[in-house]
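Just below is one structure, and these are the notes that go with it.
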Amino acid sequence: MTNTTYDVIVIGAGPVGENVADRVVQGGLTAAVVERELVGGECSYWACMPTKALLRSSAALRAARQVPGAREAVTGGLDVAAVLRRRDSFASNWADDGQVSWLGSAGIALHRGQGRISSERVVEVTGPDGATTTLTARHAVVVATGSSALVPDITGLREAAPWTSREAAAAKAVPARLAVIGGGVVASEMATAFASLGSTVTVLARDGVLPQAEPFAGELVTTSLRDAGVSVRPGAEAASVTRDSDGTVRLTLTDGEQVEADELLVAVGRTPNTLDIGLDRIGLKPGTWLTVDDTLRVLGADGTPAGDGWLYAAGDVNHRALLTHQGKYQARAAGDVIVARAKGEPVQDGPWGRHVATADERAVPQVVFTDPEVASVGLTAVAAEAAGLRIRVVDYDLAAVAGSALHADGYTGHARLVVDEDRQVIAGCTLAGPDVAELLHAATIAVVGEVPLDRLWHAVPAYPTVSEVWLRLLEAYGRSYQATTP
């Protein structure tokens, strides 16, 4: 057994853990990361990068077919093998040599194995060979272990060996028939991807498609999936699952109907990777999400920092915003505040301060890479009302913008602003349409910056771009406001 001391120890070397360690080292402290799988984590190998690679080729083909001149140049369909090869390249063929090399260049130590907190500021690492290394942190331990796909308690489901997001992202072949349980982001994106790659897809969306988004977004994606040949079944729920000896998966629904498929993807949520990291040794419950304050310190059952505040949690594991970019944002805040506290520097922990993750509650951006894309930031109308805001909802047909007509024939899309009437700022924005992902950051800046509407009026969109929708939304708001003002 060996014992090594660092200023900060990070359990988990995904994008979040890497960013925490990097900020710590840039701040002048030493850091080590502990990783039981691949350095780079879920996003690099089984989520963000490979899944978007699966989706991009079909999106580019659809875009070409929507523009006369380009349409005539398209003489064939997707080369599925080429799509899968490109996906493999973006997953680095599931080898982490490049990211391990980056850790070394950044001055971050790597310990491979299962990390478990054994006592205050102490982490024991059980390596692949069974040997144990004890790591001691002078200042902080950060849990950045992420989350895994949730497999619900449906009779026979686990025995049927379903796909989760990992198997879907890394699939070596395209099944002739794919059934999907779920209607959220992963379910919708993978239904889009595999339908374009040639699968006959059935989506059992008990709560509908994209149920957390503005309703029009789910409706547009549902229509598009059905146009692509996907059977979308809102309200459908599996009661039991079996897999035959020939590999066929049979789902019996709660209404007695049966659905057959060659593979089954389960995409109904996530569960925290905290079961085997030693939480019980420090009075916390294994297998649960970790509650944190805005500076990402883990809180105990009494709502105060666990221990004397040496334990932090960033990324999915704290359940604030299960998105890679939001986890990296938390990582920057956590790394910087750990450095500040270690050096006795002032901590900026007020709303929007450098050392807090305020955007987790007010301005989370997200893109769903379906057809059409759905891009959103801030609150939906329902969420804003639930938060007690007095709001005005402004809608506009995205297809009516000149830039949209130029972008593609038959462009279909929709835009919505949720305006906080009392403060006259944007509380939320949702865009659904081809290639709207690149419009999202403007909305994010408006929400984070709390830019007054009368100042936004002076942000003139270039013509003819799809961004002209901002002008049209502000005009629509003005008409609505005047119509209801005495």
Side-chain angles (χ1 to χ4, degrees), residues 51-84 86-87 90 174 178 185 187-201 203 209-210 213-232 365-376 395-416 429-443 461-473:
T51 59
K52 303 315 170 278
L54 283 176
L55 287 156
R56 178 57 191 159
S57 297
S58 59
L61 183 60
R62 282 195 301 272
R65 286 174 170 165
Q66 287 183 290
V67 181
R71 177 190 302 142
E72 287 74 15
V74 177
T75 58
L78 283 179
D79 183 330
V80 174
V83 173
L84 296 181
R86 186 169 189 264
R87 182 275 317 272
F90 276 96
V174 176
L178 175 67
V185 175
S188 300
E189 287 188 346
M190 290 300 92
T192 301
F194 281 92
S196 70
L197 293 171
S199 291
T200 298
V201 180
V203 177
V209 172
L210 301 180
E214 295 284 12
F216 68 80
E219 291 166 6
L220 286 170
V221 172
T222 298
T223 297
S224 178
L225 285 171
R226 286 173 170 161
D227 288 346
V230 176
S231 175
V232 182
Q366 181 174 22
V367 177
V368 186
F369 291 87
T370 44
D371 175 29
E373 290 177 350
V374 177
S376 62
D395 289 294
Y396 196 80
D397 180 3
L398 201 53
V401 177
S404 301
L406 286 169
H407 190 83
D409 281 8
Y411 191 108
T412 300
H414 194 84
R416 170 172 289 181
C429 177
T430 298
L431 303 143
D435 301 317
V436 295
E438 300 305 330
L439 299 178
L440 181 59
H441 199 57
Y463 183 87
T465 65
V466 184
S467 290
E468 192 186 13
V469 70
W470 279 97
L471 171 59
R472 303 306 173 206
L473 284 164

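Reckoned from all heavy atoms, side chains included, excluding hydrogens, waters and symmetry mates.
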Examine distances only and state if a side-chain atom of [X] and a backbone atom of [Y] form a donor-acceptor pair shorter than 3.5 Å.
| X | Y | value |
| --- | --- | --- |
| Thr192 | Thr370 | no |
| Tyr411 | Pro434 | yes |
| Glu468 | Pro461 | no |
| Ser188 | Val185 | no |

Close side-chain approach of [X] and [Y], heavy atoms under 4.5 Å:
| X | Y | result |
| --- | --- | --- |
| Val221 | Pro372 | yes |
| Leu178 | Met190 | no |
| Thr430 | Phe216 | yes |
| Leu197 | Ser58 | no |
| Leu54 | Leu84 | yes |

Any donor-acceptor N or O pair under 3.5 Å, side chains Ser224, Asp371: yes
For the student: nearest non-hydrogen atoms of [X] and [Y], plus distance:
| X | Y | answer |
| --- | --- | --- |
| Arg472 | Val401 | CG-CG2, 4.5 Å |
| Val67 | Ala408 | CG2-CA, 4.4 Å |
| Gly433 | Leu398 | CA-CD2, 4.4 Å |
| Pro464 | Ala402 | CB-CB, 4.4 Å |
| Val201 | Ala195 | CG2-N, 3.8 Å |
| Val469 | Ala415 | CG2-CB, 3.8 Å |

side-chain contact (heavy atoms from CB on, under 4.5 Å) partners for Leu61, two or more places apart: Arg65, Val74, Leu78
For Phe90, side-chain contact (heavy atoms from CB on, under 4.5 Å) partners two or more places apart: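 For Phe90, the residues satisfying side-chain contact (heavy atoms from CB on, under 4.5 Å) (neighbours in sequence not counted) are Met49, Ala53, Arg86.
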Sole candidate of Thr51, Val374, Leu55 that passes side chain to side chain contact (heavy atoms under 4.5 Å, CB included) when paired with Phe369: Leu55
Distance in Å, His407 NE2 paired with Thr465 OG1, rounded so as to fall on 0.5 Å steps: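 Separation between the atoms: 11.5 Å.
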Arg56 atom CZ: more than 12 heavy-atom contacts under 6.0 Å: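 Not more than 12 within 6.0 Å, no.
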Verdict with reasoning, Val230 to Val203, per side chain to side chain contact (heavy atoms under 4.5 Å, CB included): CA-CA 7 Å; Val230 176; Val203 177; 3.8 Å; yes
